[in-house]
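Following: one structure in structure tokens, then a few remarks.
Hydrogens, waters and symmetry mates are skipped; everything else that's a heavy atom, side chains included, is used. Quick note: residue numbers are just sequence positions, from 1. Just follow the structure's listing: the first ligand is 1, and inside any ligand the first atom is 1.
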Amino acid sequence: MQLPEPNCDDEPMLVTTVVIKRKRCWLRFHRGYLIWETMKAPIARWTLPLTDVLTATYGNEAATSLPLAEACKEMQPAEQVVPATSTTFVLHYAARDTKNKWRRHEVVMSHDDSRQVASWVKTIRNYLAKHTNRPRKILFFVNPFGGKRKGFKIWEKTVQPLMTLVGIEFKVIVTQRPGHIEEVLMNCELDSYQAAVCIGGDGTFAALFNGLILRSARDRRINLNDPAVELPKPRLAVGVIPGGSTDTLAYSLHGSTDVETACIHVIFGDCSGLDVSSVHSEKQLLRVYASILSYGYLGDVLRDSEKFRWMGPQRYDYSGFKKIIANKGYEGEIALLSETDHPSTCMKCTNNCNRCIEKSRTEDSQDKVSSWLTVRGKFFMVNGANVSCACSKSPMGFSPHCHIGDGCVDIILVRHTSLLNNIRMLWRLSSKDKTLYDLPFVEVYRAREFVFRASHSLNLESTASTDCIVGTESSVARTAVSVWNCDGEVIDAPSVKIKVHCQLLKVLSRRMQVPPPDSPSCFCFRL
Ligand SMILES: Nc1ncnc2c1ncn2[C@@H]1O[C@H](COP(=O)(O)OP(=O)(O)OP(=O)(O)O)[C@@H](O)[C@H]1O
């Protein structure tokens with residue numbers, strides 16, 4: 001949130017002199033900004049929006065870090081006792097660098113009169129409590145199993161100390177098994193929380209919002225198995241702190257998979273509307289996803305890579321190599337409710353994205369939808385991307401112009417072609433500046449709904465002459481179709497119906513920002 005630049009000639013709300021690094025400075029609190037400047041030449045001035053302040057603490061207050069076992073009990077924020085003797089206070093704030101990474105900084109300010117110090121600490125804390133939407137109590141889930149199995153460390157080293165510092169009350173649950181997050185969310189008391197946040201990868205985040213949606217649906221008696229259903233909006237905001245293998249969601253939201261950055265987004269409490277898509281079979285709701293649903297190659301890779309989890313994230317390279325050699329294409333038909341604009345003609349989705357803001361204001365933009373379109377063929381893979389799906393290995397992702405809150409998915413169809421072209425496509429995916437859009441065997445559409453039907457019979461014909469088919473009819477059917485990779489979870493039903501639910505989730509992120517070339521690198525700038 002950008003505030004207007006303060007006019008320093010106006011009357012300040014609060015002003016005093018403080019000592020910072022042995023220099024006497026004026027300190028002003030004025031219209032949502034803190035401004036401090038040296039009193040003697042050479043004059044230097046710093047301007048900091050209060051929205052970027054994390055907290056203010058007394059000089060003799062120390063941030064404590066608890067072992068995870070103790071933190072699993074519900075934690076109250078430490079009693080904010082005013083140490084009457086303190087003549088210093090520390091201003092903790094966050095600043096963003098050019099690579100979308102937010103870092104915590106602090107300035108120590110001193111004053112001879114401890115009442116002045118107490119007044120500043122109180123004023124800053126009161127402002128943050130009253131004029132921002134910061135969560136006061138958060139339910140955390142830590143997946144100790146995702147990515148390089150660093151969930152515990154991330155909690156203990158970075159997340160817990162920061163939450164304690166800013167006085168956020170929390171409860172933390174360490175996941176014991178797949179499905180644990182959904183179980184907890186279906187049964188626990190949620191009324192006292194403002195947000196639920198996970199430390200894990202895309203699969204853990206998916207478990208978090210699937211659990212919240214299931215809970216909201218049960219509370220409101222909504223039958224989710226109807227494919228036409230409008231999913232209920234969970235009341236709680238959600239957040240993700242990267243602790244997985246690819247962490248595409250964290251990357252697409254914050255522009256970085258940095259843990260401290262993600263924590264700072266959670267603390268700031270500013271929310272962006274995130275679309276999610278429901279995946280139905282003929283009979284029931286299978287899953288809701290926020291990142292990508294992918295059939296064919298990526299489905300095969302996921303299914304195979306689960307056997308090699310002990311390898312860590314490198315399992316994807318190993319299975320990826322195996323499955324690209326083995327891929328013979330999958331027959332299918334996709335019917336999509338297509339929007340008129342092509343993804344490549346859009347701006348990238350960053351903070352204050354006009355397209356997403358516009359969609360959040362208009363109730364239903366069906367008028368913009370053109371028509372149903374059908375595409376048939378043999379595919380290397382079929383993807384429905386809800387976000388750009390960028391990650392450190394693929395800085396542009398599947399669809400760099402995909403929007404997180406426009407009520408659409410970008411459908412990327414990669415036709416069955418030669419092994420060389422498949423490798424070319426994967427190579428392109430790792431590029432820093434090129435997209436898949438212009439490859440001759442790739443088709444890209446933007447849609448609000450789509451239906452995919454796997455063509456077993458066609459596939460049987462095409463694979464009949466190969467060694468894939470052995471034995472009974474059921475094993476024939478198994479080898480003839482692929483599975484879906486749904487935010488890193490396998491869905492075994494090849495024929496599915498997908499519907500986008502515009503900005504169903506409030507996700508804790510200020511989003512990535514694209515700085516103008518010559519702008520200062522952070523909001524706290526020196527004049
Ligand atoms: N204690 C646990 N033991 C075993 N599996 C768990 C446990 N806790 C969670 N899981 C499962 O771990 C799986 C992997 O988690 P996650 O997707 O977050 O990590 P990842 O696959 O390494 O990362 P990414 O999805 O970003 O590639 C999820 O399917 C989740 O259900």
Atom 8 (N) of ligand 1 - nearest protein heavy atom and its distance: Thr175 OG1, 2.7 Å

Partners of Phe141 by ring pair (Phe, Tyr, Trp, His ring centres under 6.0 Å), sequence neighbours excluded? none

Assess the side chains of Asn485 and Ser294: does a donor N or O sit below 3.5 Å from an acceptor N or O? no

Atoms of ligand 1, numbered as shown, that sit under 4.0 Å from any heavy atom of Asp202: 24 (P), 25 (O), 26 (O)

Quick check on contacts: which atoms of ligand 1 are under 4.0 angstrom from a heavy atom of Gln176? 1 (N), 2 (C), 3 (N)

Enumerate the atoms of ligand 1 whose separation from the nearest heavy atom of Thr204 is less than 4.0 angstrom. 15 (O), 16 (P), 17 (O), 18 (O)

Which of the atoms in ligand 1, numbered in the order shown and given with their element, are less than 4.0 Å from a heavy-atom of Gly146? 19 (O), 22 (O)

Under 4.0 angstrom from ligand 1, any heavy atom of Tyr316? yes

If you measure only the distance, is there a donor-acceptor pair under 3.5 Å linking the side chains of Ser192 and Lys137? yes

For atom 15 (O) of ligand 1, closest protein heavy-atom neighbour: Asn143 ND2, 3.1 Å

Within the side chain of Ser430, is there an N or O that forms a donor-acceptor pair under 3.5 Å with the backbone of Lys393? no

Yes or no: does Arg315 have any heavy atom under 4.0 Å from an atom of ligand 1? yes

Mark the output for Ala207 as yes if a heavy-atom distance to ligand 1 is under 4.0 Å, and as no if none is. no

Between the side chains of Ser509 and His254, does any donor sit under 3.5 Å from an acceptor? yes

I'd like to know whether ligand 1 has Gly488 as a neighbour, heavy-atom separation below 4.0 Å. no

Atom indices of ligand 1, in the order listed, that fall short of 4.0 Å to a heavy atom of Asp247: 26 (O)

Verdict with supporting geometry, Trp155 and Phe170, ring-ring contact (aromatic ring centres under 6.0 Å, His included): CA-CA 12 Å; Trp155 168 261; Phe170 55 79; 5.3 Å; yes

Of all residues at least two apart in sequence or in a different chain, which pass the salt bridge (charged side-chain N to carboxylate O under 4.0 Å, His left out) check with Arg511? none

Between the side chains of Ser256 and Asn100, is a donor N or O closer than 3.5 angstrom to an acceptor N or O? no

Atom 20 (P) of ligand 1 [closest protein heavy-atom partner, distance rounded to 0.1 Å]: Ser245 OG, 3.5 Å

Heteroatom proximity flag, Gly179 to ligand 1, N/O under 3.5 Å: no

When Ser278 is tested against each of Arg287, Lys499, His501 for side-chain hydrogen bond (donor to acceptor under 3.5 Å, both in side chains), which residue passes? His501

Does ligand 1 come near enough to Gly200 that some N or O of the ligand is less than 3.5 Å from an N or O of the residue? no

If only atom types and distance count, is the side chain of Asn143 paired as donor or acceptor with the main-chain N or O of Cys198 below 3.5 Å? no

Under 4.0 Å from any heavy atom of Glu489, which atoms of ligand 1 are there? 28 (C), 29 (O)

Hey, is Arg309 touching ligand 1 through its side chain, its backbone, both or neither, going by heavy atoms under 4.0 Å? side chain

In this structure, atom 31 (O) of ligand 1 is nearest to the protein heavy atom Pro178 CA, 3.4 Å

Among Leu436, Ile412, Thr435, the one residue meeting side-chain contact (heavy atoms from CB on, under 4.5 Å) with Ser399: Ile412

Nearest protein heavy-atom contact for atom 6 (C) of ligand 1: which residue, which atom, what distance? Phe145 CD2, 3.6 Å

Tyr330 versus Ser455, side-chain donor and acceptor atoms under 3.5 Å: no

Ligand-side contact atoms (ligand 1) for residue partner Gly147, heavy atom cut-off under 4.0 Å: 19 (O), 20 (P), 22 (O)

Counting heavy atoms only, which of Leu302, Thr246, Val142 is nearest atom 24 (P) of ligand 1? Thr246

